[in-house]
Amino acid sequence: MDAFYVSCELKRRPELKGQPVAVSADPKGGKGRGVVLSASYEARKFGLRSALPVSQAYALCPSYIWVLPDFPFYEENSKDVMALLTARSPQARTFSIDEAAYPWEGGDPAGAEREGRELQKDVRERFDLPCSIGIGPSLTVAKIASDRAKPGGVVVVPPDSVRSFLASLPTRAIPGIGKVTEEELARVGVATIGQMAELPVERLRKALGAMAPGMSDLARGVVREEPWPDEEGPRSMGAMSTFDTDSSDPKEVREEVDRLARALAESVQRQGRRFRTVTLRVRRSDFQQLQRSRTLPQRTENTETLVRGALQLLDQVLSELAQDIRTPPPSLEEPPPTGPPRSRPARWGIRTVGVSVADLAEGSPSQKSLDRFASD
DNA sequence: TCTGGGGTCCTAGGACCC
DNA sequence: TCTGGGGTCCTAGGACCC
């Protein structure tokens with residue numbers, strides 16, 4: 001989907017069409033905290049894009065129209081579009097809220113393009129939403145093609161054109177290659193996918209690790225057989241939140257973790273799932289992230305187990321943060337303590353806390369009967 | 001210049017087992 | 001007194017995606 005969140009908003013606020021609109025946090029005159037989630041193509045002309053801090057968005061375009069996100073609404077729209085795809089193929093799969101695919105059985109590229117245009121028109125007419133379509137011999141090629149098709153296009157890459165289609169693109173165009181890996185590749189002289197195709201796999205391994213063989217094949221246009229993904233439930237679920245101002249108050253942080261853990265337990269239960277691993281994440285003011293996790297002997301869906309687990313992990317992290325205070329960096333001269341310090345001013349600050357659960361499985365009927373058994 | 005909230009997958013080390 | 005080679009599981013961190 002193209003600029004998906006913004007496109008959903010424009011559906012219900014058509015008067016904003018053609019304007020620089022972004023779904024984002026409140027920029028608060030340049031002092032807001034948070035990022036742009038989705039920017040209209042008009043807003044992109046000013047440099048707005050997703051993940052851009054709102055303070056910078058405001059600096060680039062003070063008059064941009066911001067709309068707070070409404071995820072349930074985007075979820076509804078996503079499901080509508082998905083239903084359309086499923087009607088075309090039972091093998092249709094979603095990969096995120098704004099991406100989906102179904103298998104292309106190969107054959108005539110011109111016919112594929114016609115089918116793509118038809119689908120695109122269908123989505124626009126029924127749901128008033130723009131999308132781009134990529135068609136190719138593997139999911140990865142199709143995804144890269146759809147990126148090149150944006151906005152509003154259809155790009156078909158026949159199997160025998162994969163290598164030439166990719167050759168001139170930057171390595172970053174491959175999903176899975178981000179800023180860091182792009183730099184690693186640049187260090188061995190690889191900037192484009194064409195250059196990647198020229199390098200022996202063993203030299204690529206240094207920059208790409210386990211990804212090297214797959215990426216090398218892709219770059220050389222070798223299409224691997226890949227099993228069509230199964231429909232599976234999520235592997236983990238979580239909830240996180242960022243304080244309006246960084247907190248160094250253990251009580252405030254504990255309350256937030258407690259709240260998140262309860263909300264998470266509820267959504268895990270709503271989905272009929274059970275978990276075995278609890279993870280607590282803390283982002284410090286300096287953006288360094290700490291993560292502590294614990295695996296339980298058995299899966300459970302119990303709220304109190306999740307809450308207790310998260311709070312214990314938090315206590316661990318808090319005491320580690322306190323340790324950091326007691327052993328300060330080779331410091332500026334510390335004023336000698338005069339008398340017993342009543343409350344030592346905290347030197348740490350917490351920006352974000354998050355709780356998540358993993359090792360998920362469906363709550364099995366047999367387990368439920370065991371529970372009943374146990375409570376008898 | 002300042003960086004949200006939801007996820008997936010990979011790496012590396014250590015405990016533990018045979 | 002010094003100890004191989006194989007495996008699994010758990011934990012922490014990090015890159016990446018939308």
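Order of the sequence lines sets the chain letters (A, B, ...), proteins ahead of strands, with each chain counted from 1.
- Between B:dT8, B:dG4, C:dG13, one nucleotide has an atom nearer to the side chain of A:Arg235 than all others, and that is B:dT8.
- Other residues sharing the hydrophobic cluster of A:Val180, ordered by chain and number and joined by side-chain separations under 4.5 Å: none, the residue standing alone.
- Contact check, A:Ser96 against B:dG7: no side-chain N or O comes under 4.0 Å of OP1 or OP2.
- An OP1 or OP2 oxygen of C:dA12 is reached within less than 4.0 angstrom by a side-chain nitrogen or oxygen of A:Ser293.
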Per-nucleotide pairing state of DNA chain B [Watson-Crick or G-U, under 3.5 Å; [ ] pseudoknot-crossing; | other strand]: ....||||||||||||||
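- Residues from residues 172-193 of chain A placing a heavy atom under 4.0 Å of any atom in DNA chain C, listed by number, are A:Ile174, A:Pro175, A:Gly176, A:Ile177, A:Gly178, A:Lys179, A:Val180, A:Thr181.
- Among A:Thr300, A:Leu296, A:Thr279, A:Leu264, the single residue meeting the side-chain contact (heavy atoms from CB on, under 4.5 Å) criterion with A:Val357 is A:Leu264.
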Side chain to side chain donor-acceptor pair (under 3.5 Å) evaluation trace for A:Thr303 with A:Gln269: CA-CA 9 Å; A:Thr303 303; A:Gln269 288 155 11; 2.9 Å; yes
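- Contact check, A:Thr295 against C:dT11: a side-chain N or O comes under 4.0 Å of OP1 or OP2.
- Legend: side-chain hydrogen bond (donor to acceptor under 3.5 Å, both in side chains) pairs involving residues 223-235 of chain A, not counting sequence neighbours, sorted by first then second residue: A:Asp217-A:Arg224.
- Through direct or indirect side-chain contacts shorter than 4.5 Å among Ile, Leu, Val, Met, Phe, Trp and Tyr, A:Val162 is connected to A:Val141, A:Ile144, A:Val155, A:Val157, A:Phe165, A:Leu166, A:Leu169, A:Ile174, A:Ile177, A:Leu185, A:Val188, A:Val190, A:Ile193, A:Met196, A:Leu199, A:Leu204, A:Leu208, A:Met211, A:Met215, A:Leu218, A:Val223.
- Screening residues 137-146 of chain A for side-chain hydrogen bond (donor to acceptor under 3.5 Å, both in side chains), with sequence neighbours left out, gives A:Glu99-A:Lys143.
- The CD-P distance, from A:Gln316 to C:dC10, rounds to 17 Å in whole Å.
- Nearest-nucleotide positions on DNA chain C for A:Leu296 and A:Lys143 put A:Leu296 closer to the 5' end.
- Between the CG atom of A:Leu264 and the P atom of B:dG6 there is a distance of 9 Å, rounded to whole Å.
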